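Quick caveat, the model's predicted, so the values are computed rather than measured.
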Amino acid sequence: MQSEPKSGKPITSTDRIYDAVRELRSLEQIATRETVAELTGLKMAVVDDRLRTLVDDGKLKRLLRGVYELVEVYPATRVISKTVLPTGYVKYDIGDFVLTLTPVEDRVLAQLGMGAAGQAILINSANQHLYLATELAAKVEKLERELKAHRAANKGGDSPQTDWIAAS
């Protein structure tokens, strides 16, 4: 099932499905196979096949079963440099573009950039703490099992170790 745009070139089902996912994203909606089928009017078998093709082509990523998201495609990274001049001005060279800032403007730009850097640091720190907490919880659970087994094995014993374990 294809339609013809003004240019006269037929729109493929793959293009229709990709456009539907883009439209859903622009509306901040989740792109599920069902919503894509509803938007395009295509049969579910066609939608599934084309979604799989778009994932294989790297244009979409599968978040969960039946839930898809666009893959961000950025242009090639440009060379970036920063030079502090003896006068205090700061020059940023980004590809062919040069930005000259006063010292105050440079500080403001740095403060704005700290928001993103701070967020990245916070996310990394939270992930590390979560990993450590999970690891620590597993060790505590293991020790509790060992203690319980030791108590069960030494029930009724008359040694100082048994008295200490019983008091725990």
* To do: Starting from the C-alpha separation in whole Å, work towards a yes-or-no answer on side chain to side chain contact (heavy atoms under 4.5 Å, CB included) for Val108 and Leu112.
  => CA-CA 6 Å; Val108 169; Leu112 292 171; 4.3 Å; yes
* To do: Compare every heavy atom of Ser13 with every heavy atom of Arg50, then report the nearest pair and how far apart it is.
  => CD-OG, 3.3 Å
* Asked: Is the closest side-chain heavy-atom distance between Leu51 and Val55 below 4.5 Å?
  -> no
* Asked: How many angstroms lie between CG in Asp15 and OG1 in Thr40, if you round to the nearest 0.5 Å?
  -> 12.5 Å
* Structure fact -> Rounded to the nearest 0.5 angstrom, the CG-CD distance for Leu24 and Glu38 is 9.5 Å
* **Smallest separation among heavy atoms of Ala31 and Val21, with atom names** => CB-CG1, 3.9 Å
* From Asp57 CG over to Leu60 CG, what is the distance, rounded to the nearest 0.5 angstrom? -> 9.0 Å
* Structure fact -> Partner of Tyr92 under side chain to side chain donor-acceptor pair (under 3.5 Å), picked from Thr100, Asp106, Thr83, is Asp106
* Is Asp19 salt-bridged to Arg16, going by a charged N under 4.0 Å from an acidic O? -> no
* Side-chain donor/acceptor of Ser125 to backbone N/O of Ile121, under 3.5 Å -> no
* Asked: If you draw a 6.0 Å radius around CD in Glu105, do more than 12 non-hydrogen atoms from other residues or ligands fall strictly inside?
  -> yes
* Could you tell me whether Glu72 and Arg22 make a salt bridge, using a distance below 4.0 angstrom between a side-chain N and a carboxylate O? => no
* Mind checking whether Leu54 and Arg52 have side chains closer than 4.5 Å, heavy atoms only? -> no
* Locate the shortest heavy-atom distance separating Lys91 from Leu85; write the atom from each residue and the value. => CE-CD1, 3.8 Å
* Heavy-atom donor-acceptor pair, His150 side chain to Glu146 backbone, under 3.5 Å -> no
* Asked: Less than 4.5 Å apart, any side-chain heavy atom of Asp49 and any of Val46?
  -> no
* To do: Verify the neighbour count for atom CG of Asp96: are there more than 12 heavy atoms of other residues, nucleotides or ligands below 6.0 Å?
  => no
* Structure fact -> In this structure, CG of Leu101 is separated from OH of Tyr89 (nearest 0.5 Å) by 10.5 Å
* **Ile30, CD1: over 12 other non-hydrogen atoms inside 6.0 angstrom** => no
* Structure fact -> Note: Pro103 and Gly88 closest approach over all heavy atoms is CG-O, 3.2 Å
* Report the distance from atom CG of Leu39 to atom CG of Leu27, rounding to the nearest 0.5 Å. => 8.5 Å
* Treat each ILVMFWY residue as a node, draw an edge where side-chain heavy atoms are under 4.5 Å apart, and state whether Val90 and Leu99 are in one component. => yes
* Asked: Tell me, do Tyr68 and Leu63 make a side-chain contact under 4.5 Å, heavy atoms counted?
  -> no
* Answer whether the closest heavy-atom distance between the side chains of Asp93 and Val79 falls below 4.5 Å. => no
* Do Glu144 and Lys148 meet the salt-bridge criterion of a basic N to acidic O distance under 4.0 Å? -> no
* Return the minimal non-hydrogen interatomic distance between Met44 and Arg33, and the atom names on each side. => CG-NH2, 3.0 Å
